[in-house]
Undergrad: 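Sending over a structure as structure tokens; questions will come in a sec.
If you're wondering where the values come from, they're calculated on a predicted model, not measured in any experiment. Residue numbers begin at 1 in each chain, while the letters A, B, ... track the order of the sequences.
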There are 2 protein chains.
Amino acid sequence: MNSISDTSSCCAPVKDVTQKLAALSHPARLEILRCLAGGRSCCCKEVVEHLDLAQSTVSQHLKILVEAGLVRYAPERQRSRYEIDQAALAAVSASVAALVETCCAVEGANI
Amino acid sequence: MNSISDTSSCCAPVKDVTQKLAALSHPARLEILRCLAGGRSCCCKEVVEHLDLAQSTVSQHLKILVEAGLVRYAPERQRSRYEIDQAALAAVSASVAALVETCCAVEGANI
DNA sequence: ATCGTCTATCGTCGATAAACGATGAACTCT
DNA sequence: AGAGTTCATCGTTTATCGACGATAGACGAT
């Protein structure tokens, strides 16, 4: 039926999901999310102290999470606030669940 | 509780999850999974025809999915069978759901 | 035995990711 | 004003990804 190159309706969301999954596919970024868990917002330095990585590296990882839409970013000058976008994260979980549903469904109906 | 640097018990599963998420974070591989959906097994050529990519590229993507443990592989000579590992896929979904749960939980209870 | 088909792998190339140090901007405090 | 903090970005280096063509192995059919 439709290939993945169907740019009209399917490609954008798919790319969105894959970008979010890519953002989640790094241990450091998962750890960052854990650091931001519970809805509390952290500044960069907090995460840095938690992670044992260079500040610039952590900043990059945060940027990736923000660009993927998983983390919100309030650029206050001194203490930028990073905060989990819980809705976006839940949406990713739902997308993965839907994918699993699709892949595991018994196709007895029409084929 | 445990940080990500806890190499004894926590690190291996984390890496396992991130590897699976990385495998899922590419549109072509999602499309491959859709092609394998419903528990039906496909050979490489079927996927190639479905995907508009070179055969070698598809074979690589399949390999990544197999190495991540999301797809089972029965190397028959002429028509290798690729098949979704539904349990593994469900486990990924559960892991993501648990992550979201952790990240969105109100931190009153025990962490 | 030979041809055609299907796979997997190799080698290559450009692009991207991951990590770091260094730097500069902006703010707070003394 | 000046020192100290915090942060984002730049530039660099190394490693990996994504895609392809080419190739070799294995099988079925002729």
Undergrad: At a heavy-atom distance below 4.0 Å, what parts of residues 53-61 of chain B sit against DNA chain C?
TA: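 B/Gln55, B/Ser56, B/Ser59, in order of number.
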Undergrad: Using a heavy-atom cut-off of 4.0 Å to chain B, what are the terminal contacting nucleotides of DNA chain D, in 5' to 3' order?
TA: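 It runs D/dG18 to D/dC27.
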Undergrad: Out of curiosity, B/Leu21 CG to A/Arg29 CZ, how far, rounded to the nearest 0.5 Å?
TA: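 If we round to the nearest 0.5 Å, B/Leu21:CG and A/Arg29:CZ are 10.5 Å apart.
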Undergrad: Which of these, A/Arg79, A/Glu83, A/Arg81, sits in a side-chain hydrogen bond (donor to acceptor under 3.5 Å, both in side chains) with A/Ser41?
TA: A/Arg81
Undergrad: Show your working on side chain to side chain contact (heavy atoms under 4.5 Å, CB included) between A/Ile84 and A/Leu65 and close with a plain yes or no.
TA: CA-CA 9 Å; A/Ile84 284 184; A/Leu65 287 168; over 6 Å; no
Undergrad: First contact, last contact: which nucleotides of DNA chain C are these for chain B, 5' to 3', heavy-atom distance under 4.0 Å?
TA: C/dT5 to C/dT9
Undergrad: If you round to the nearest 0.5 Å, how far is OG1 of B/Thr57 from CG of B/Leu51?
TA: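 It is 10.0 Å, given to the nearest 0.5 Å.
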Undergrad: Mind checking whether B/Val17 and A/Leu24 have side chains closer than 4.5 Å, heavy atoms only?
TA: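 Not touching, per the 4.5 Å side-chain cut-off.
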Undergrad: What is the distance from atom OG1 of A/Thr18 to atom CG of A/Asp16, rounded to the nearest 0.5 Å?
TA: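 Going from the OG1 atom of A/Thr18 to the CG atom of A/Asp16 covers 7.5 Å.
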Undergrad: Tell me whether the rings of A/His61 and A/His26 are parallel (<30°), tilted (30 to 60°) or perpendicular (>60°).
TA: tilted
Undergrad: Applying salt bridge (charged side-chain N to carboxylate O under 4.0 Å, His left out) as the test, list every pair that has at least one member in residues 44-56 of chain A; sequence neighbours left out.
TA: A/Arg40-A/Glu46, A/Lys45-A/Glu49
Undergrad: So A/Arg29, base contact, sugar-phosphate only, or nothing? Heavy-atom distance under 4.0 Å.
TA: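 If one applies the 4.0 Å heavy-atom cut-off, A/Arg29 turns out to touch the sugar-phosphate alone, with no base involved.
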Undergrad: Take B/Tyr82 and B/Cys43 through the test side chain to side chain contact (heavy atoms under 4.5 Å, CB included) and record every step on the way to the result.
TA: CA-CA 6 Å; B/Tyr82 289 94; B/Cys43 66; 6.0 Å; no
Undergrad: Looking at CD1 of A/Ile32 and NE2 of A/His50, how far apart are the two atoms once the value is rounded to the nearest 0.5 Å?
TA: 10.0 Å
Undergrad: Determine which pairs satisfy salt bridge (charged side-chain N to carboxylate O under 4.0 Å, His left out) with at least one residue from residues 58-69 of chain A, sequence neighbours left out, and list them in order.
TA: none
Undergrad: Less than 4.5 Å apart, side chain to side chain, heavy atoms only: is that true for B/Asp85 and B/Leu70?
TA: no
Undergrad: Heavy-atom contacts under 4.0 Å between residues 65-74 of chain A and DNA chain D, which residues?
TA: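 Those residues whose heavy atoms fall under 4.0 Å from DNA chain D, taken from residues 65-74 of chain A in numerical order, are A/Tyr73.
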